[in-house]
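Below is one structure, written out as structure tokens; the observations come after it.
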Amino acid sequence: MSLTLYNTLTRRKEPFTPIDPKNVRMYVCGPTVYDYAHIGNARPVIVFDVLFRLLRHVYGADHVTYVRNITDVDDKINARAAEEGISIRELTERTARQFHEDIAALGILPPTVEPRATEHIDEMKALCEALVAKGHAYVAEGHVLFDVASMPDYGRLSNRSLDEMEAGARVEVAPYKKGPMDFVLWKPSKEGEPGWPSPCGIEGAGRPGWHIECSAMSDRWLWEEVKDKLSNEAKARPHQFDIHGGGIDLTFPHHENEVAQSRCAHGTPVMANVWMHNGFLQVEGEKMSKSLGNFITIHELLKTDKFGGRRWPGEVLRLAMLMTHYRQPIDFTATALEAAEKVLRNWYRLIGDATACEAGDGQSDVQTKLQDDLNTPQAITALHAMADALSNGGDASALARFKSAANLLGLLTMTQSEWLAAWNADAKLDEGEIEARITARLEARKAKNWAESDRIRDELAEMGIQLKDAKDPTTGEFTTTWEVMR
Ligand code: AMP
Ligand code: ZN
């Protein structure tokens with residue numbers, strides 16, 4: 001069993017050695033809840049869900065702590081709530097609920113802890129105090145700012161030098177900043193903005209900057225709350241954990257600043273040992289994002305016909321996403337979804353209502369591929385090989401092994417009956433459309449155009465629709481009925 005992961009911090013693939021194998025600890029930056037999540041946002045959720053499943057499989061389900069936060073204090077949230085004329089709380093609650101519904105449909109396991117920023121304000125203030133006390137932060141005009149010059153290796157994660165960054169900084173730098181790259185840990189709140197009593201002797205209400213939120217939440221849940229049960233070796237490395245993840249755009253400044261805050265506040269050499277970043281999901285070569293307006297939400301994909309003219313089951317999106325390695329960009333297309341759906345239909349037909357086997361059945365090729373820096377495309381190839389072998393005949397235990405291997409990627413977690421029921425509901429099987437194709441096929445048969453007749457039959461079979469032909473023995477009339485394939 002050897003697991004290797006690509007580490008952004010060292011820019012190479014490395015063997016993964018947890019600080020405490022009985023308590024593997026991972027933090028992933030979660031959504032800022034002001035609007036529906038788009039399918040680009042779904043990528044880190046899916047990718048790190050696969051890693052969570054793999055870690056649980058390798059180290060034991062009770063030996064992995066996965067923290068994925070909810071950012072519920074942010075200026076984008078304030079602006080949106082004002083726009084809609086609703087309270088911030090109403091907006092964040094509604095959006096968080098929607099996020100949970102969406103990702104449940106993608107087969108995402110709940111993380112061990114899902115902390116909300118607004119419930120960790122005291123921890124953020126304590127970090128501000130510690131950073132000021134240690135000379136890594138200062139107070140200016142009601143703000144607490146991180147003094148970037150106080151940290152010699154600032155820029156190591158994103159591999160930039162301070163000189164480079166300063167040269168690239170915008171000309172307009174707030175006059176109260178000592179250095180152009182200094183960033184906000186705490187800022188004053190005006191009337192009507194969310195605010196809490198400020199730290200560091202600042203008068204009046206204020207609110208945290210975005211980066212300090214993750215430093216506070218990760219330390220609370222991956223160190224403070226678990227430290228008593230850690231191994232002695234892990235206790236000797238306080239305030240450090242194993243894996244930190246998110247999308248590649250978060251590397252700078254968000255993660256660089258998290259590292260700066262956490263390391264300087266706690267005086268540690270690292271915040272997390274391994275930093276993992278997923279590539280972008282793109283549309284026609286551009287990052288899918290809200291600001292570019294080229295996005296489609298998970299909700300729209302699952303529940304409306306906005307993409308490709310139909311609804312798509314969540315598992316199809318999941319498989320389509322995993323067909324590309326997590327560090328590569330994905331160009332998102334309906335063709336990829338169609339291909340993924342076809343694969344799932346075949347696999348479900350193969351497993352029927354088989355149940356997965358318990359772990360401990362030896363390591364599958366699928367697991368071996370996943371252990372190589374989450375090589376999901378090769379893991380899927382290994383699944384195809386298992387499926388091919390099974391289609392030539394396989395016993396119940398071979399089916400169970402196939403299903404368990406797929407479960408590692410969060411695939412085939414249903415039975416075939418459940419899949420078909422969900423597929424019928426999701427894929428918007430239009431009965432009128434099916435009847436129209438059957439009529440076209442009967443026309444083709446009458447014209448003795450057997451090729452066209454077969455083409456239509458095969459096309460419907462692709463969609464999971466099986467045709468049954470019958471001839472009335474007395475009238476000789478030829479009729480066709482259909483059913484969803486089992
Ligand atoms: P945000 O709500 O913008 O902070 O994003 C939440 C997560 O989604 C972060 O980990 C981002 O890096 C990630 N993300 C945002 N857009 C994309 C995209 N187009 N492709 C992949 N990941 C993305
Ligand atoms: Zn974060």
Side-chain angles (χ1 to χ4, degrees), residues 8 26-49 51 66-77 80 91-92 95-96 98-99 102-103 106 108 111 113-117 120 123-124 127 157-158 183 185 208-222 241 243-262 271-272 275-298 301 317-318 320-322 324-332:
T8 306
M26 169 163 83
Y27 185 91
V28 175
C29 300
T32 303
V33 284
Y34 66 101
D35 202 350
Y36 284 109
H38 60 65
I39 51 180
N41 300 135
R43 194 169 187 197
V45 180
I46 293 173
V47 163
F48 292 103
D49 180 70
L51 181 56
Y66 173 25
V67 179
R68 190 189 63 219
N69 74 291
I70 288 187
T71 294
D72 60 352
V73 46
D74 184 277
D75 290 352
K76 290 196 281 287
I77 298 175
R80 179 61 64 91
L91 175 68
T92 56
T95 314
Q98 187 61 54
F99 175 71
D102 285 347
I103 65 168
L106 306 181
I108 305 295
V113 193
E114 193 172 47
R116 290 175 189 232
H120 298 76
E123 288 87 339
M124 298 173 203
L127 281 175
L157 177 69
S158 52
F183 58 90
L185 306 175
W210 172 35
H211 318 304
I212 197 90
E213 298 178 9
C214 289
S215 283
M217 289 183 274
S218 59
D219 193 57
R220 161 87 185 269
W221 293 100
L222 295 179
F241 55 92
I243 301 172
H244 193 314
I248 187 130
D249 56 329
L250 299 188
T251 315
F252 186 86
H254 184 54
H255 289 164
E256 193 70 62
N257 292 351
E258 280 189 38
V259 171
Q261 296 160 162
S262 295
M271 176 186 184
W275 287 80
M276 293 177 65
H277 293 102
N278 64 268
F280 281 142
L281 184 140
Q282 303 181 323
V283 196
E284 283 150 20
E286 269 188 331
K287 173 192 171 188
M288 178 175 285
S289 79
K290 285 183 189 145
S291 52
L292 291 172
N294 62 350
F295 66 97
I296 161 140
T297 65
I298 306 172
L301 194 87
L317 174 62
R318 184 183 185 100
M321 204 78 97
L322 295 176
T324 305
H325 188 260
Y326 77 94
R327 285 194 280 121
Q328 301 297 321
I330 295 185
D331 204 26
F332 197 73

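Scope of the values below: all heavy atoms of this structure, side chains included, with no hydrogens, waters or symmetry mates. Index from 1, following the sequence. In listed order, ligands and their atoms are each counted from 1. Everything numeric here is computed off the predicted structure, so don't read it as measured data.
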### Query
When Glu213 is tested against each of Ile70, Leu127, Asp72, Thr71 for side-chain contact (heavy atoms from CB on, under 4.5 Å), which residue passes?
Thr71
### Query
Gly247 heavy atoms, cut-off 4.0 Å: which ligand 1 atoms fall inside?
10 (O), 12 (O)
### Query
So which bit of Asn41 gets within less than 4.0 Å of ligand 1, heavy atoms only: side chain, backbone, both or neither?
both
### Task
Measure from the Zn ion (ligand 2) to each N, O or S atom of Cys214 and report whether any distance is below 2.8 Å.
yes
### Task
Starting from atom 23 (C) of ligand 1, find the nearest protein heavy-atom neighbour and note its residue, name and distance.
Gly40 O, 3.4 Å
### Task
Apply the test side chain to side chain donor-acceptor pair (under 3.5 Å) to residues Gln261 and Asn257: give CA-CA distance (whole Å), side-chain angles for both, the deciding distance (0.1 Å), then the verdict.
CA-CA 6 Å; Gln261 296 160 162; Asn257 292 351; over 6 Å; no
### Query
Does any N or O in the side chain of Arg68 come within less than 3.5 Å of the main-chain N or O of Val28, such that one atom is a donor and the other an acceptor?
no
### Query
Which protein heavy atom lies closest to atom 16 (N) of ligand 1, and at what distance to 0.1 Å?
His38 CE1, 3.5 Å
### Task
Taking the side chain as every heavy atom from C-beta outward, state whether Asp219 and Glu123 have any atom pair closer than 4.5 Å.
no
### Query
Can you tell if the side chain of Cys29 reaches within under 4.5 Å of the side chain of His244, non-hydrogen atoms only?
yes
### Task
Could you tell me which atoms of ligand 1, counted from 1 in the order shown, lie closer than 4.0 angstrom to a heavy atom of Lys287?
16 (N), 19 (N)
### Task
Under 4.0 Å, heavy atoms only, figure out whether ligand 1 is touched by the backbone of Leu250, its side chain, both or neither.
side chain
### Message
For the 3.5 Å polar cut-off, considering only N or O atoms, please tell me whether Met288 and ligand 1 meet it.
### Response
yes
#### Entry: Proximity of Asn278 to ligand 1 by residue part, where a heavy atom lies under 4.0 Å
side chain
### Query
Looking at the Zn ion (ligand 2), which N/O/S atom of Glu258 is the nearest one?
OE2
### Query
Does the Thr251 side chain pair with the main chain of Ile248, one donor and one acceptor, at a distance under 3.5 Å?
yes
### Query
Which residue and non-hydrogen atom of the protein lie closest to atom 12 (O) of ligand 1, and at what distance in Å?
Asp249 OD1, 2.4 Å
### Task
Carefully, step by step, assess Tyr27 and Asn69 under the rule side chain to side chain donor-acceptor pair (under 3.5 Å).
CA-CA 8 Å; Tyr27 185 91; Asn69 74 291; 3.2 Å; yes
### Task
Report yes if some N/O of Leu281 lies less than 3.5 Å from some N/O of ligand 1; otherwise report no.
yes
### Task
Check ligand 1 against Pro44 and write out every atom of the ligand that is under 4.0 Å from a heavy-atom position of the residue.
7 (C), 8 (O), 10 (O), 13 (C), 22 (N)
### Message
As an exercise, identify every atom of ligand 1 less than 4.0 angstrom from a heavy atom of Gly279.
### Response
21 (C)
### Query
Under 3.5 Å, is there a donor-acceptor pair between the side chain of Asn41 and the main chain of His38?
yes
### Task
Provide the closest heavy-atom pair for Ile298 versus Ala42 in the form atom of the first, atom of the second, distance.
CD1-CB, 3.7 Å
### Task
If you have a sec, work out which protein heavy atom is nearest atom 4 (O) of ligand 1 and how many Å separate them, to one decimal?
Thr32 OG1, 4.0 Å
### Message
Please verify the inter-ring angle class for His255 with Trp275; under 30° counts as parallel, over 60° as perpendicular, anything in between as tilted.
### Response
tilted
### Query
From His254, does some N, O or S atom reach closer than 2.8 Å to the Zn ion (ligand 2)?
yes
